[in-house]
Number of protein chains: 2
Amino acid sequence: MRIAELSKRSGVAVATIKYYLREGVLPPGERTSPNQADYSEKHQHRLRLVRALVEVGGLSIAGVRDVLGTVDAPQPDLTWTLSTVQLAMFPIPEATEGPTRSSAEDTVTRLLDDLGWSCPSDHPAAQALAAVLATADDLGHPGMADLLPRYARAAGEVAKADLDYIDRSPSLDDAAEGVAVGTVLGDSMLAALRRMAQVSESINRYGEKAGAKPG
Amino acid sequence: MRIAELSKRSGVAVATIKYYLREGVLPPGERTSPNQADYSEKHQHRLRLVRALVEVGGLSIAGVRDVLGTVDAPQPDLTWTLSTVQLAMFPIPEATEGPTRSSAEDTVTRLLDDLGWSCPSDHPAAQALAAVLATADDLGHPGMADLLPRYARAAGEVAKADLDYIDRSPSLDDAAEGVAVGTVLGDSMLAALRRMAQVSESINRYGEKAGAKPG
DNA sequence: ACAGTATGGATAGCGACACTCTCCACTATC
DNA sequence: GATAGTGGAGAGTGTCGCTATCCATACTGT
């Protein structure tokens with residue numbers, strides 16, 4: 001198919017598709033003449049994936065490029081693939097310093113120890129967690145740390161489900177894409193469910209009232 | 001204190017503080033003369049809160065304004081406060097249409113029913129969940145829906161912890177801020193813990209190898 | 001008292017980002 | 001052979017979160 005049809009089928013503007021081609025998040029079509037190319041269902045699928053990563057996952061175009069680079073070069077080491085996707089999604093950690101931050105790092109180390117998790121305490125995610133705890137502390141909400149065990153238990157369950165899902169993939173390629181899709185969509189899914197559960201729990205405890213929508 | 005000291009203490013540039021004042025996310029200082037104002041510890045705290053919402057929660061300035069508007073007008077109805085904060089954080093849902101979307105909505109309705117959650121199935125969060133499921137379907141990953149029960153159980157646990165945390169607040173003002181902080185920081189906390197748990201679980205299943213950092 | 005600095009307020013500018021538009025030589029199609 | 005569409009490249013657009021510049025006035029140190 002040609003670019004106009006790819007655009008029509010995907011609902012993405014031609015100019016945007018050209019932009020994605022330029023940015024390298026969509027591979028070029030197969031040349032049929034100096035200025036004519038042919039796009040396949042693979043391009044259609046890739047375009048959907050790009051849109052999902054951008055719209056649902058909130059990734060930047062550069063982040064999408066990173067993730068797709070990993071998906072396209074499937075390593076047998078899924079741990080590596082997982083870490084790469086995670087890094088593309090959460091490129092944050094710009095380490096802060098200070099007493100609250102140090103004690104937050106201790107808290108995280110202790111948590112990992114208590115849980116027996118095989119995650120290094122200098123992992124970006126662990127650093128991010130320490131940063132969040134330090135922020136809560138600075139805001140005068142040190143009680144957030146008390147939530148850690150329950151949050152961690154829930155996160156552990158989710159992670160097991162995630163890895164089970166990846167394990168079901170028939171091929172390495174599928175597993176790599178499964179990691180990307182699962183990481184990105186899983187985050188949104190979990191966030192949505194948390195909000196729903198909060199609303200439900202809130203209604204159960206405090207009553208319905210204006211419940212659903214305040215605006 | 002004057003603006004220069006507020007800037008020094010908070011690490012936020014004077015120009016940025018002026019910008020926040022203009023945007024209404026920081027209340028004006030107390031006038032002492034036509035062009036002189038005095039800022040208190042309250043401003044310092046508010047500034048920290050704004051930075052946390054922006055940096056950790058990824059909220060836009062407009063989103064911060066919405067959240068703070070709710071925090072500053074504490075309603076006795078915590079369900080309302082919760083919903084408002086949620087809306088400011090996830091203003092997404094721009095409803096799509098199509099067969100996958102409809103069946104995703106059915107799936108969500110059924111899930112709510114099975115779980116016995118008191119969350120209306122037309123709640124924005126439920127819509128967001130349906131959108132995610134539809135996206136997964138369109139991407140050729142219909143198996144994501146199988147993860148729902150385990151995800152939901154985990155989300156339920158987290159939500160109970162969240163509401164327990166809010167319940168501990170001594171005053172209504174504190175509860176309102178607790179909702180905002182808890183919702184925003186809780187999301188980041190949960191995401192970080194999920195990543196850590198994924199890494200841990202991945203190492204347990206597939207071995208260490210390049211584990212922590214691929215780049 | 002008076003130079004030097006800081007302040008609040010308003011306006012304009014900047015850099016990043018994700019597109020979107022315009023132009024071009026050329027090709028496909030009617 | 002007129003018309004519409006193509007790939008490619010560059011410039012332009014709108015939004016966002018600041019950041020810089022001005023200005024008249026106010027505070028500060030000597």
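Residue numbers begin at 1 in each chain, while the letters A, B, ... track the order of the sequences.
Under the 4.5 Å side-chain criterion, counting only non-hydrogen atoms from C-beta, A:E23 is not in contact with A:V64. Between B:S10 and B:R48, every side-chain heavy-atom pair lies at or beyond the 4.5 Å cut-off.
Across all strands shown, B:P34 has heavy atoms under 4.0 Å from sugar-phosphate atoms exclusively, and none from any base.
With respect to A:D174 and A:R168, no salt bridge is recorded, no charged nitrogen being found less than 4.0 Å from a carboxylate O. With salt bridges taken as basic N to acidic carboxylate O contacts below 4.0 Å, none links A:D38 and A:R31. A salt bridge does not link B:R195 with A:D187: none of the charged nitrogens is closer than 4.0 Å to a carboxylate oxygen. A salt bridge is absent between B:R101 and B:E97; no separation between the charged side-chain nitrogens and carboxylate oxygens falls under 4.0 Å.
For the pair B:E5 CD and C:dG8 P, the interatomic distance rounds to 13 Å; values are reported in whole Å. Residue A:Q36 contributes atom CD, which lies 14 Å from atom P of C:dC26 at whole-angstrom precision. Between B:K8 atom NZ and C:dT5 atom P the separation is 15 Å, expressed in whole Å. Across the protein-nucleic acid pair, A:E23 atom CD and D:dA9 atom P stand 12 Å apart, rounded to whole Å. What separates CD1 of A:I3 from C1' of C:dA28 is a distance of 15 Å, to the nearest Å. Atom P of nucleotide D:dG5 and atom CD1 of A:I17 are separated by 15 Å, given to the nearest angstrom. Whole-Å rounding puts the B:N35 CG to C:dA6 P distance at 15 Å. One interatomic measurement links the two molecules: CG of A:D38 to C1' of D:dG5, which rounds to 15 Å at whole-angstrom precision.
Of the residues near DNA chain D, B:T32 and B:L59, the one whose nearest nucleotide (by heavy atom distance) lies more toward the 5' end is B:L59. Of the residues near DNA chain C, A:S33 and B:Y39, the one whose nearest nucleotide (by heavy atom distance) lies more toward the 5' end is B:Y39.
Side-chain N/O atoms of B:R31 include none lying less than 4.0 angstrom from OP1 or OP2 on D:dT25.
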Enumerate all atom pairs, one protein N or O and one N or O from nucleotides 19-22 of chain C, separated by less than 3.5 Å.
from   : atom 1 : to    : atom 2 : distance (Å)
C:dC19 : OP2    : A:Y20 : OH     : 3.1
C:dT20 : OP2    : A:T16 : OG1    : 3.2

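Using a 3.5 Å distance cut-off with no hydrogens or angles, the side chains of A:S103 and A:D106 do not pair a donor with an acceptor.
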